[in-house]
Amino acid sequence: MCENSHLDSIETSIIIPVLNEEKNIDRLLETIHHQTYTQDNYEIIFVDGGSKDKTIECIQKHNEFSNIRVVDNPKKTAQHAMNIGIDCAKGKYIIRLDAHSFYCENYFEELVNTLKNNSEVGNVGGVWLVEGDNVVGEAYARVLSTFFGVGSSDFRISNEEKYVNTVPFGAFRKDEIVKIGKFDSRLERNEDFELNLRYIQNGYKVLLKPNLVIRYKCRNTIPNIIKHEISDGVWNSISLKLCPYTFSLSHFIPMFFVIGLIGVVLSFILNINLFKIIGLGAVLLYLLLDVVFSIINMKSNLKEGLLTLLLYPLHHISYGLGEVLGLFK
């Protein structure tokens, strides 16, 4: 599976899990082609989970690269793809890319230089700039870029270079990630978060560099948003059960919110006046925050701002429902 042994002068391996990504490959490889990091220094490893579209054809037509490999991922999911890619990698440094994301021109060079100059840093990454392809997607992107939407998620909202508990994707040294056990093969989601916490447990630091911008394409339809949020919530609860050290109170606020909503409904059914008052107060406070943040969004785009009135609660309730379901998985 891991061939092309002539690539023996590679400094960095770029690993990209893919599955039916024909719509994104051209733009992704264009952003890679414009990197300031010299192409001779890196290889690109696409780890394919059995794409049924033209993903492989799209990759193969890019003859401006002489350093692309495609390897198979029979288990399909991203954590397995990364472990396969790490085993195949010939570089001292590894950069994980996501096929739905696009990267600033100095992304590779800055990541590698940071690892070269900071031995205490185990993983380094940039900030997510979430984008949509239509008005629903752009409104959802606003939800995922505000404190009310995602809490104190540094890699989404921070402008400060600092040590954090996680970064999206990132870059790391091959020998160190092998030493700490690579990606947890049990986790289909949250695998990045768990890995970063394991780096910290092993004495390394995780560095966020806000000058490195990752443009991430989010979901663009209501059904896909709901499906994705529920799935994320399910895997957050599963991650907690498999890896208890991944617990973060802020990650489970949506679950408490959903349980609270159920409690409000029950208080009216059972006619418990104290719970009625407390529950209604909490719901009104939430709705007030929803309106305030949506009005702020309306200043930039009226239609998108109006949509966030719906998407904030949809985001929180879907994710929280997923967390409740995940407890029973």
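Position 1 is the first residue of the sequence, and the numbers go up from there. Remember, it's a predicted structure, so these values are computed and weren't measured experimentally.
Residues forming a ring-ring contact (aromatic ring centres under 6.0 Å, His included) with H62 (at least two apart in sequence, or on another chain): none. Not counting sequence neighbours, the partners of E131 by the side-chain hydrogen bond (donor to acceptor under 3.5 Å, both in side chains) test are R215. Legend: residues meeting salt bridge (Lys or Arg N to Asp or Glu O under 4.0 Å) with E176, ordered by chain and number and at least two apart, are R173. For R96, the salt bridge (Lys or Arg N to Asp or Glu O under 4.0 Å) test picks out E191, D192, with sequence neighbours left out. Residues that satisfy the side-chain contact (heavy atoms from CB on, under 4.5 Å) test with S231, not counting sequence neighbours, are R189, W235. E11 pairs by the side-chain hydrogen bond (donor to acceptor under 3.5 Å, both in side chains) definition with Y37, K116, not counting sequence neighbours. Under the salt bridge (Lys or Arg N to Asp or Glu O under 4.0 Å) criterion, E161 pairs with K209, sequence neighbours left out. Residues forming a ring-ring contact (aromatic ring centres under 6.0 Å, His included) with H251 (at least two apart in sequence, or on another chain): F193. Residues meeting the ring-ring contact (aromatic ring centres under 6.0 Å, His included) test with F247, sequence neighbours left out: F252. Residues forming a ring-ring contact (aromatic ring centres under 6.0 Å, His included) with F102 (at least two apart in sequence, or on another chain): none.
V292 forms part of a hydrophobic cluster together with L288, I296, judged by ILVMFWY side-chain heavy-atom separations under 4.5 Å.
Of the possible polar contacts, one joining the N113 side chain to the E109 backbone as a donor-acceptor pair under 3.5 Å is found. Between the side chain of D290 and the main chain of Y286, no donor-acceptor pair closer than 3.5 Å is present. Using a distance-only test at 3.5 Å, with no hydrogens or angles considered, no donor-acceptor pair links the side chain of H80 to the main chain of P74. No side-chain donor-acceptor contact under 3.5 Å links E21 to the backbone of T55. At least one donor-acceptor pair under 3.5 Å links the side chain of N83 to the backbone N or O of F183. With hydrogens and angles ignored, the 3.5 Å screen pairs a side-chain donor or acceptor of K174 with a backbone N or O of A89. Side chain of K205 to main chain of Y163: no donor-acceptor pair is present (N/O by atom type, distance under 3.5 Å, no hydrogens or angles).
Scanning all heavy atoms of the two residues, the minimum distance from P168 to Y107 falls at O-OH, 4.5 Å. Between L321 and V258, the closest heavy-atom pair is N-CG2, 3.7 Å. Contact detail for V164 and I200: the closest heavy-atom pair is O-CD1, 3.8 Å. E323 approaches S237 most closely through the heavy-atom pair O-OG, 2.7 Å. In this structure, M255 and V324 approach most closely via the heavy-atom pair CG-CG2, 3.6 Å. Here the shortest heavy-atom pairing between C218 and G132 reads SG-CA, 4.0 Å.
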Inset, instruction - Verify side-chain contact (heavy atoms from CB on, under 4.5 Å) between N190 and T246, making sure each step is shown before the conclusion. - result: CA-CA 9 Å; N190 270 8; T246 62; 5.6 Å; no

Inset, instruction - Go through the steps for E194 and R198 under the test salt bridge (charged side-chain N to carboxylate O under 4.0 Å, His left out), then give the verdict. - result: CA-CA 6 Å; E194 187 279 331; R198 209 160 4 108; 2.7 Å; yes

Inset, instruction - Output, in order, the C-alpha distance, side-chain angles, deciding distance and verdict of side chain to side chain donor-acceptor pair (under 3.5 Å) for D232 and H228. - result: CA-CA 6 Å; D232 273 357; H228 180 71; 3.2 Å; yes

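There is no path of hydrophobic side-chain contacts, each under 4.5 Å, that joins I253 to V283.
Ring-plane geometry between F293 and F148 is classed as parallel, the angle between the planes falling under 30 degrees on a 0 to 90 degree scale with a further cut at 60.
When each of K23, R27, K217 is checked for a salt bridge (Lys or Arg N to Asp or Glu O under 4.0 Å) with D133, only K217 meets the rule.
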Side-chain donor/acceptor pairs under 3.5 Å, residues 306-313, sequence neighbours excluded:
unit_1	atom_1	unit_2	atom_2	d
T308	OG1	S294	OG	3.1
T308	OG1	N297	ND2	3.4
T308	OG1	G305	O	2.6
Y312	OH	T146	OG1	3.0
Y312	OH	N297	ND2	3.3

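A salt bridge links R69 with E43: the closest approach of a Lys/Arg side-chain nitrogen to an acidic carboxylate oxygen falls below 4.0 angstrom.
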